[in-house]
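Worth knowing before you read on, the calculation uses all heavy atoms, side chains too, and leaves out hydrogens, waters and symmetry mates. First the proteins, then the strands, lettered A, B, ... as listed; each starts at 1.
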Amino acid sequence: MFEKILENVHSRTPLVHCITNYVTVNDCANIVLASGGSPIMADDINEVDDITSLCNSLVINMGTLNEFTVSSMIAAGKKANQISNPVILDPVGVGASKFRNETMLNLLCDIRFSVIRGNISEIKTVYKGNGITNGVDADKRDYVNESNIGEIIELAKELSKKTGAIIVITGAIDIVADSKKAYIIKNGHPLMAKVTGTGCMLTAVIGSFCGANEENMLEATAAAVCTMGLCGELAFEKLSKTDGGTATYRMYLIDYMSKMTNEMLNEGMKIKMS
Amino acid sequence: MFEKILENVHSRTPLVHCITNYVTVNDCANIVLASGGSPIMADDINEVDDITSLCNSLVINMGTLNEFTVSSMIAAGKKANQISNPVILDPVGVGASKFRNETMLNLLCDIRFSVIRGNISEIKTVYKGNGITNGVDADKRDYVNESNIGEIIELAKELSKKTGAIIVITGAIDIVADSKKAYIIKNGHPLMAKVTGTGCMLTAVIGSFCGANEENMLEATAAAVCTMGLCGELAFEKLSKTDGGTATYRMYLIDYMSKMTNEMLNEGMKIKMS
Amino acid sequence: MFEKILENVHSRTPLVHCITNYVTVNDCANIVLASGGSPIMADDINEVDDITSLCNSLVINMGTLNEFTVSSMIAAGKKANQISNPVILDPVGVGASKFRNETMLNLLCDIRFSVIRGNISEIKTVYKGNGITNGVDADKRDYVNESNIGEIIELAKELSKKTGAIIVITGAIDIVADSKKAYIIKNGHPLMAKVTGTGCMLTAVIGSFCGANEENMLEATAAAVCTMGLCGELAFEKLSKTDGGTATYRMYLIDYMSKMTNEMLNEGMKIKMS
C-alpha cells in the first residue's frame, strides 16, 4: 500500500529542518536518520531562512518554547510556505500554559501547515483554542475509543477544513485525516508512553516522509504513523524476550525504524479508511 | 520500609516540572517516567508559573545556567513555594564559577527548598558560600569515608537547619539528612560516575518521589537515593555478564528504574540511621 | 605507536570545556567520559572565562549557533588562548547559512585554534570562505578518494599553514595534517553516518586527547581519529552478530570508547604517513 512512499524516503534522502525542543532533539535527529532522511536542527533567527531553503520540509515542535525560537519558527514557517515546502506542527503541551496557547494561535495565523500532529487533548485545544491538558500527556477523559471515534474523526476533518492541514491524532487508536478522508490506525504499544518523545519522534518522521512525498502527503503521513506504531510493537516483542526496561525499549524503537522495509510494513500495518 | 513511598509514586503519577540543563535533560525525563512520574520540561519566563501550577513538584538544576533560565528558576520557585509544592535544588558545579556561586546564593535567598542534592564539594560550597570544586565532579580531598562521616553528617544537619531543606550528599557513601535525623546509604556503584548526569537523574527522581509523598519527604528522598543506587548496582551486575561499556550501563540504569519493585528495593537497599 | 597518548588521557583525566550544540551534547559528554576525560558543558558569557580557566582544553562546536553562544565561544576561546589551552573547532554545517559562514570567520579571526575538524565540504568552506554544503553532511562531489587524496592533503597542509591549526578531514578516508606532515587514516565504518553526532563526538574526543597531550597534539589528534574509527568498526562487528539497528550501533560506539586499550588500538588502527 505504501511501497512508493517508503521507496521515496529511502531514495530521496529528504533534508528535514527541525526547530524542536531540547529534551528529545537527539532522538528526533536519530530517528529521521533511521527513517532515511537527513535532519538539520537550527533555530537562530539569523539562519533559519537559509536553512529552510536548503531543506525538503520543516518540523516545528513546541516542546520547549522560548521567545527566541518562536520568532524563528514563524520566520522559517513563512519561508517554507513561500517555497512550498511541507511544514509540520507538533503543538506539544498546548493547553498547559497561556504562552503555549498564544504561540499556537500565532503559528496558525502566520503559517500554513501541511500536517498538525498531537494527542487528543492537544488537538482539541487547537480546535477550540482552549481545553484541559494534563501537562504534556493526554487527559484520560479525552481518550479515543470505539464509542467516541466517529465524533473524533469529525473533529479532525473539520479542523483540517479550517486549517488546510492534515490532522493526526495519536493515542491507543490513531487518526490521520484531511477534510474528506480519514484513516484509522491501530498500530502502536502502550509502553511508547513510557519513553519521552515518542510523539516528537513521530512528528519528525512525518517530516521525513512528507519531505520525500510532497505529491502525496496524506498517504505519507499515514505511512509514517503506521511505521512508528509498528516499530513500537516490534520493539515490545523483542523486549519481552529479554529483561530490558524502558531505556532498552527506546533503543529498539529507533532500531526498528532503521530496519523497516515494505515487507515488514505490509505485514504489520493495521490501517483502514474510516 | 519504603513500601508506601513507592506505591504512592506509582499510583499518583506525580507531574514533575524540571528546569534543568540541556546536557542530561533527556535522561532526566526518561528516568522520571521510569520511576512512575511524568516530567514537564519548561523554562521560559512566560510560562513557568502556569506549568509549575499544574505540577506536583519542581526540580531546579544548575547544570547549564544562563540569565534567562535563572529568572525562570526564581519565578517558578516562588510560585511553587506559594502553592506549597516541593522544590528540589541540584547546584551542579557550584564553586566552578562566580556566576554559579552568585546564582546559588540568589536561589537560596528567594526560594525555600525542600531538598538540596549535590556531591560533597557542591554541598560544602553551598554551606560555606565558597569551596574548591573540580569542575562538576567532587574534589578527591572531599570524599566521604568512614573516618570523616560523622563530621559530614553534622555539616548536613547544620545546613538543613540553616536552609530548612533536606540535604543529600552523594558519593561512595550517601547521606540524607534533615536537621535532626540522618540516613547513611551505601547503595550505588563507582561506574555511575562514568555516565554523565547520574546525579541529575537522581535529583529528578527525588522530584518524582517527593511530588508523590509530600507528607513524608525525608523518607521519600532516602527511598529515591536507595533506589537510584540499587539501579546502579543491578545495572553493573547485568553489565558484567555481557561485554558492554558505559553506554550500555547507562541504559541498564534507566531500565532498572522502570522495573523497580518494593521487593527488589527491600532486598537490595543498604540504609541505616546514623 | 600511541601508547603514551592513551596513557596520558587515562592518567591525567583532562577537563574538557565544551561549548557545543544541544542535539548531540549528551553523547559528547558521555564519550568524553568514556575516553577518560571529564566534560564540562557551559556556555553563558558570565561564566565561560571561569570554566575555561579550570579546564585543560576547549571544544567549540557550531552545530546549533545562536548569538549568545557565539559571544561565549569568542570569550572562552580568547581566554583559552591566553592560558595556552588547546582549542578545537568543529565548524558544523558551515556553508549552510551566511550566519554560519560569518561566525566561522569571526571565530578564526579572534581565536587561535589548535585543531579544526570537519567533513570535506566544511573544511573546503573554511579554506575558501565559501563552498557548497548539503546541510550538515558532506557533498558527494567532495568525497575524498584515492584519486583526489593528494590534492586534499595539500589543501589541509595549506589551511594548517594559514591557521596554525592541525586540520582533520573526516569521511571514508580521514586526513590529519599540520603544515608539514599528514596522516592518512582508514578506520571507521559507513554506518557511523547514520548516527547523529559521530563527528561532534570525535571532536569532543580530540578535545580530551589534546587536553591530556598538549606537548604532542598532532599525534594526539591522529590517535583520537583512529580510536573513534576503530570504535565504529568494532561496533559494527558486534552489531552484525545481533539484529540491532542504528540506535544499538550508537550505544556500541560509546561502549567501545570506554573499553579501548592500547592493545586494541595497536591491533586495529589503519594509519600511515602520506
* Keeping to residues at least two apart or across chains, list the salt bridge (Lys or Arg N to Asp or Glu O under 4.0 Å) pairs with something in residues 34-47 of chain A. =>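 Every pair satisfying salt bridge (Lys or Arg N to Asp or Glu O under 4.0 Å) with a residue in residues 34-47 of chain A: A:Glu47-C:Arg100.
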
* To do: Output the residues of residues 21-30 of chain C for which the shortest heavy-atom distance to chain A is under 4.5 Å, in residue-number order; output 'none' if no such residue exists.
  => C:Tyr22, C:Val23, C:Thr24, C:Asp27

* Asked: By number, which residues in residues 188-206 of chain C have some heavy atom less than 4.5 Å away from chain A?
  ->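 Residues in range: C:Ala193, C:Lys194, C:Val195, C:Thr196.
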
* Asked: Is there a donor-acceptor pair closer than 3.5 Å between any side-chain N or O of A:Asn46 and the backbone N or O of C:Phe99?
  -> no

* **Heavy-atom neighbours of A:Glu267 CD exceed 12 at 6.0 Å** =>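 No, because the 6.0 Å sphere around CD of A:Glu267 holds 12 heavy atoms or fewer from other groups.
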
* Which residues in residues 243-255 of chain A have any heavy atom lying under 4.5 Å from a heavy atom of chain C? -> A:Arg250, A:Met251, A:Ile254, A:Asp255

* To do: Can you see which heavy atom on C:Ala96 is nearest to which on A:Asp50, and at what distance?
  =>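 In this case the closest contact between C:Ala96 and A:Asp50 is O-CB, 3.7 Å.
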
